[in-house]
Amino acid sequence: MSPALPRLLLVWLALLLLLAATLGAAFLPLGPAKPWIGYSIAAAKAGLVLWFFMDMRREGGLMRLATGAALLWIAFLLCLVAADYLTRSRPAGAGEPGATNAGEPL
Amino acid sequence: MAEQRELHEPFHQPERQAEADRLGMLVFLGSEAMLFGGIFAAALALRFLHPQEFVSASSHMKLWHGTLNTAVLLTSSLMAAIAVEAARSGRRRSAGRALWGAVASALVFLAVKAHEYWLEYREGVIPGLPNAHFTSGFEQLFMNLYFAATGLHALHLVVGMVLLGIAAINRRAREDRRAVLIGNVALYWHLVDLVWIFLYPTIYLAGAGE
């Protein structure tokens with residue numbers, strides 16, 4: 001048995017526990033925090049996959065830079081999309097439950 | 001001598017060549033991540049514009065299919081990581097078994113996904129089909145996003161599965177202690193897993209418990 005096997009199995013177990021946690025949290029009445037918790041757990045899972053399964057923990061600076069650059073540009077993309085839609089002027093009453101005109105440009 | 005034959009210009013050392021191969025794969029995967037980034041950006045915009053409708057449309061998704069497939073993909077990523085470790089430590093049989101295990105997991109994922117699509121076909125929620133009927137315009141928009149996202153992901157999964165199979169039957173790949181081919185195929189496979197890790201809360205969890 002490879003000495004790396006127990007570590008990989010442990011990471012896999014942690015990933016499954018995080019999956020159970022995110023599934024359980026989705027059924028809790030957490031209100032607006034719900035997506036934040038869901039995506040935080042997804043980010044934790046992605047971190048484990050990147051660090052252990054994709055072996056970023058053993059890579060040098062060049063490989064980490066290439067991977068980090070991709071993540072950085074996706075972060076820019078999502079932040080700028082959010083900056084657009086979250087700062088649009090809204091007519092009174094928009095954004096309330098059931099409203100469909102939220103975010104429409106005036 | 002075998003290593004000398006495998007060297008390509010401009011490399012004079014196998015280590016440097018293997019490093020360049022890996023860097024090239026990571027840069028390519030970065031471009032793949034951008035492709036899926038567009039889909040996540042579209043999902044984000046839809047959710048900002050129609051928060052209630054997004055949650056409502058997501059609540060009709062097959063949560064247990066999505067959850068099972070998440071577990072299947074996480075397990076397949078484990079298999080791919082085991083294959084790389086096995087190849088690097090010279091255990092080519094173990095590497096082959098782990099790669100076939102990852103292929104089997106991919107087939108399970110596709111079977112679950114196909115069943116999910118079949119149920120959605122029977123419900124008439126596949127946009128563009130003659131039997132399609134939606135409760136609202138937004139639901140159709142959400143289903144467009146769902147099929148674009150999961151369809152593109154499934155396409156990548158099939159490509160990754162073929163690559164895993166090619167690595168599994170390639171004796172030289174399994175005997176390569178640097179695990180260049182197996183390592184790069186495994187990187188691709190982990191990206192398929194990473195994309196699904198974020199599709200799961202976007203599509204399935206948003207409406208869970210509603």
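None of the values given here were measured: they were computed from a predicted structure. A, B, ... follow the sequence lines: proteins, then strands. Residue 1 opens every chain.
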Report summary line: Looking only at B/Ala41, B/Gly30, B/Ala206, the option with the highest number of non-hydrogen pairs under 4.5 Å against chain A is B/Ala41

Report task. Scan side-chain atoms only and decide if B/Tyr117 and B/Thr150 contain a donor-acceptor pair under the 3.5 Å cut-off. Result -> yes

Requested in this report: Could you tell me which portion of A/Lys34 (side chain, backbone, both or neither) has an atom closer than 4.5 angstrom to a non-hydrogen atom of chain B?
Outcome: side chain

Requested in this report: State plainly whether the residues B/Glu19 and B/Arg22 are in salt-bridge range, i.e. N to O under 4.0 Å.
Outcome: no

Requested in this report: Against chain A, work out which of B/Val27, B/Thr75, B/Thr70, B/Asp193 has the most heavy-atom pairs shorter than 4.5 Å and name it.
Outcome: B/Thr75

Requested in this report: Step through the shown structure and confirm whether more than 12 heavy atoms of other residues, nucleotides or ligands are within 6.0 Å of CZ on B/Arg16.
Outcome: no

Report summary line: Per-residue tally against chain A (heavy atom, under 4.5 Å) across B/Gly183, B/Ala208, B/Gly37 peaks at B/Ala208

Report task. Among the options A/Ala69, A/Ala66, A/Ala46, pick out the one with the most heavy-atom pairs lying under 4.5 Å from chain B. Result -> A/Ala46

Query raised in the report: Contact part of B/Ala186 toward chain A, heavy-atom cut-off under 4.5 Å: side chain, backbone, both or neither?
Result: neither

**Report entry** Atom group of B/Leu194 that falls short of 4.5 Å from chain A, counting heavy atoms
**Finding:** side chain

Query raised in the report: Any ion pair linking B/Glu53 and B/Arg47 (charged N to carboxylate O, less than 4.0 Å)?
Result: no

Query raised in the report: So which part of B/Glu32 gets closer than 4.5 Å to some heavy atom of chain A, the side chain, the backbone, both or neither?
Result: neither

Query raised in the report: With chain B, which of A/Leu23, A/Thr67, A/Val81 has the greatest number of heavy-atom pairs at distances under 4.5 Å?
Result: A/Leu23

Query raised in the report: Taking A/Val49, A/Leu80, A/Val11 one by one, which has the highest count of heavy-atom pairs under 4.5 Å against chain B?
Result: A/Val49

Query raised in the report: So, the side chain of B/Arg174 versus the backbone of B/Ala83: is there a donor-acceptor pair under 3.5 Å, distance only?
Result: no

Query - A/Arg7 portion near chain B, given a 4.5 angstrom heavy-atom threshold - result: side chain

Query raised in the report: Tell me, side chain or backbone of B/Ser31 under 4.5 Å from chain A's heavy atoms, or both, or neither?
Result: neither

Query raised in the report: Is it the side chain or the backbone of A/Leu9 that comes within 4.5 Å of chain B heavy atoms, both, or neither?
Result: both

Requested in this report: Hey, can you tell me if B/Phe198 and B/Phe40 have their rings parallel, tilted or perpendicular (30° and 60° cut-offs)?
Outcome: perpendicular

Query raised in the report: Per the side-chain contact (heavy atoms from CB on, under 4.5 Å) rule, which among B/Leu187, B/Val185, B/Leu191, B/Val180 passes with B/Met25?
Result: B/Leu187

Query raised in the report: Given that the side chain runs from C-beta out, which part of B/Thr202 has a heavy atom under 4.5 Å from chain A: side chain, backbone, both or neither?
Result: both

Report task. Please state whether the side chain, the backbone, both or neither of A/Leu77 comes within less than 4.5 Å of a heavy atom of chain B. Result -> side chain

Query raised in the report: How about B/His65 and B/Tyr204: are their ring centroids closer than 6.0 Å?
Result: no

Requested in this report: Return yes when atom CZ of B/Arg93 has more than 12 non-hydrogen atoms of other residues, nucleotides or ligands closer than 6.0 Å, and no otherwise.
Outcome: no

Query raised in the report: Between B/Trp196 and B/Phe109, is the ring centre distance below 6.0 Å?
Result: yes

Query raised in the report: What class does the angle between the rings of A/Phe76 and A/Trp73 fall in, given that below 30° is parallel, 30 to 60° is tilted and above 60° is perpendicular?
Result: perpendicular

Query raised in the report: So which of B/Ala71, B/Ser89, B/Ser56 has the largest heavy-atom pair count under 4.5 angstrom toward chain A?
Result: B/Ala71

Report summary line: Checked A/Leu15, A/Ile41, A/Leu19, A/Ile74 vs chain B; the most non-hydrogen pairs under 4.5 Å come from A/Leu19

Query raised in the report: Looking at B/Leu73, B/Val159, B/Leu163, which one forms a side-chain contact (heavy atoms from CB on, under 4.5 Å) with B/Trp189?
Result: B/Leu73

**Report entry** Residue A/Ala82 versus chain B: region with a heavy atom under 4.5 Å
**Finding:** both

Requested in this report: Sort out for me which of B/Leu78, B/Leu205, B/Val84 touches chain A most, counting heavy-atom pairs under 4.5 Å.
Outcome: B/Leu78

**Report entry** Largest heavy-atom contact set with chain B, pairs under 4.5 Å, which of A/Leu50, A/Leu28, A/Leu62
**Finding:** A/Leu62

Report task. For B/Arg172 and B/Asp176, run salt bridge (Lys or Arg N to Asp or Glu O under 4.0 Å): C-alpha distance rounded to whole Å, both residues' side-chain angles, the deciding distance at 0.1 Å, then the answer. Result -> CA-CA 6 Å; B/Arg172 276 173 63 185; B/Asp176 177 12; over 6 Å; no

Query raised in the report: Which answer fits B/Tyr200, side chain, backbone, both or neither, if we ask what part of it has an atom under 4.5 Å from a heavy atom of chain A?
Result: side chain

